[in-house]
Amino acid sequence: MDRIRINGGQKLNGTIPISGAKNATLPLMIASLLTDQPLVLDNVPRLADVGLLQRILGNHGVDVMVSGKRLGETQYDGQTLHISAANVIDTTAPYELVSRMRASFWVIAPLVARLGEARVSMPGGCAIGTRPVDLLIMALERLGAAIDIDKGYVIARAKNGLRGGEIKFPKVTVGGTHTALMAASLARGTSVIENAAREPEIGDVADCLNKMGARISGAGTSRIVVEGVPKLSGARHRVLPDRIETGTYAMAVAMTGGDVLLENARPELLQAGLDVLTQAGVEIASTNAGIRVTRNGKGIAAVEVTTAPFPGFPTDLQAQLMALMTRAEGTSRITETIFENRFMHVQELARLGARIQLSGETATIEGVERLKGAPVMATDLRASVSLVIAALAAEGETMVNRVYHLDRGFERLEDKLSACGAAIERISG
Ligand code: UD1
């Protein structure tokens, strides 16, 4: 198993190219199942989750051809996927694959919408608490699918196709909104999605679906209207930049000090995150090339933050912000409202000398003068990268074990950071 070794104390200076968004890429790849024509996706990040979804789609008979610059080439540009679901040979998504990546459950929507049936394993438990799929199932039922649960599988059937309906989510759900959008695109008649997620990745998927011939309006607001069409066609679409990767590197620069341009980043995708960094005393400037993050001389001010659905502060940046606040001047408070149990990084940050107290949904972080390197364990994607951020400012060596979590969501993390002066390296095997 690979590990990452970090020697803390170096400032970050230079340019970090921001990759395409993982959380848009996954639903976009899944949307390829809606049509028998090719879907071409540009700016796709090279991530373990993308590879895994390729395998899952392959199991359904989907052909995925990859082109684009390869690892080690000088230009950081994403890869291009040519995806063709002309011949779907299997409408079952098995447990072995779905249990490894929750988002793969979303294949249920295009499969039932286009082929009239889908049999998809329930995703099962997850390291960050119970993550049910009841609202995704509700959405499909509202569009006329008959649902059965059998031996751990959700079976959705709509022999005569789905029909438009009204879906009111009692709680904002990204996966639920993706599912509803994809299914409603091929349903007969009009669907209205109320209390829809407003995350930028929803807008990106809706843009792509519209290029494919869907009739979606209101994506990016909490009320989306979809006029179903009988068939969708192929399209070419460029994945939007990853706002979570952007926020993560912004926090890394805030932590170490220095001056870094986050190339291709778009500030409107993470305004709440940037506002928190400004409050913490970090300078943020938008330029034509991206977002420039600077902290020189000044300390880090403590903040109070509560995670919320977009446009609020994202849960996917909560662990990274907590790492930053371990070095703040004063006491910070971070409240996590989206996922229970999303505090596994707390114990590991404590190994580096952080002082954090948990009480229910709220973590109270008392800033310390210094962190000290130690061996730590990556537990999930965002938690692992928070350990990297802390290690960049810790004295001495930190060894991050189980970095496969990082590879699920961060493309060439160690290359991007070392190019800006961090002492970070991957140890293979
Ligand atoms: C997506 C993101 C993930 C992010 C999360 C919240 C992708 C691939 N993943 O995950 O990175 O952390 O949004 O921004 O885009 N819920 C239910 N019933 C359901 C579905 C969800 O109760 O049927 C609850 C969840 O337990 C959670 C909340 O709704 O408390 C939000 O979850 P959701 O937005 O669905 O997260 P994901 O789509 O899984």
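A quick note: this is a predicted structure, and the numbers were derived from the prediction, not measured. Both counts, for ligands and for their atoms, begin at 1 and track the order of listing.
Using a non-hydrogen distance threshold of 4.0 Å, Leu381 does not register as a contact of ligand 1. At least one heavy atom of Arg342 sits closer than 4.0 Å to an atom of ligand 1.
Distances between N or O atoms of Gly175 and those of ligand 1 include at least one value under 3.5 Å. Between Ile338 and ligand 1, a contact under 3.5 Å exists for at least one N or O pair. In terms of polar-atom proximity, Arg382 is not counted as a contact of ligand 1, lacking any N or O under 3.5 Å from an N or O of the ligand. For ligand 1, the polar-atom distance check finds an N/O of Asp134 within less than 3.5 Å of one of the ligand's N/O atoms. Ligand 1 has a nitrogen or oxygen under 3.5 angstrom from a nitrogen or oxygen of Arg102.
Neither side chain, Ser332 nor Glu304, offers a donor N or O lying under 3.5 Å from an acceptor on the other. A donor atom on one side chain and an acceptor atom on the other are not found under 3.5 Å apart for Asn195 and Ser222. There is no side-chain donor-acceptor pair under 3.5 Å between Ser233 and Thr35. Counted by atom type alone, Asp275 and Gln271 present one or more donor-acceptor pairs between their side chains at under 3.5 Å. For the residue pair His178 and Glu201, no side-chain donor N or O sits within less than 3.5 Å of a side-chain acceptor on the partner.
No more than 12 heavy-atom neighbours from other residues, nucleotides or ligands sit within 6.0 angstrom of NZ on Lys151.
Against a heavy-atom cut-off of under 4.0 Å, Trp106 is close to the following atoms of ligand 1: 7 (C), 8 (C), 15 (O), 38 (O). Each of the following atoms of ligand 1 lies closer than 4.0 Å to a heavy atom of Thr315: 6 (C), 12 (O), 14 (O).
Within the 4.0 Å heavy-atom criterion, the part of Val172 lying near ligand 1 is the backbone and not the side chain. Contacts between Phe169 and ligand 1, counted as non-hydrogen atom pairs separated by less than 4.0 Å, are absent for every part of the residue. Neither the backbone nor the side chain of Phe310 has a heavy atom within less than 4.0 Å of ligand 1. Only the side chain of Lys171 comes within 4.0 Å of ligand 1, judged by heavy-atom distances. For Thr173, heavy-atom contacts with ligand 1 shorter than 4.0 Å involve the backbone as well as the side chain.
Under a cutoff of 6.0 Å and an axis angle of 45°, Arg198 and Phe310 do not form a cation-pi pair.
Ranked by closest heavy atom to atom 22 (O) of ligand 1, the top entry among Pro27, Pro132, Pro309 is Pro132. For atom 2 (C) of ligand 1, the candidate residues are Asn23, Val174, Leu26; the nearest heavy-atom contact is made by Asn23.
Interatomic distance, Met377 CE to Arg351 CZ, rounded to the nearest 0.5 Å: 8.0 Å.
A salt bridge (charged side-chain N to carboxylate O under 4.0 Å, His left out) check over residues 162-173, counting only residues at least two apart or in different chains, returns the pairs Glu166-Lys168. Residue pairs meeting the salt bridge (charged side-chain N to carboxylate O under 4.0 Å, His left out) criterion with at least one partner in residues 212-223, sequence neighbours excluded, are Glu194-Arg223.
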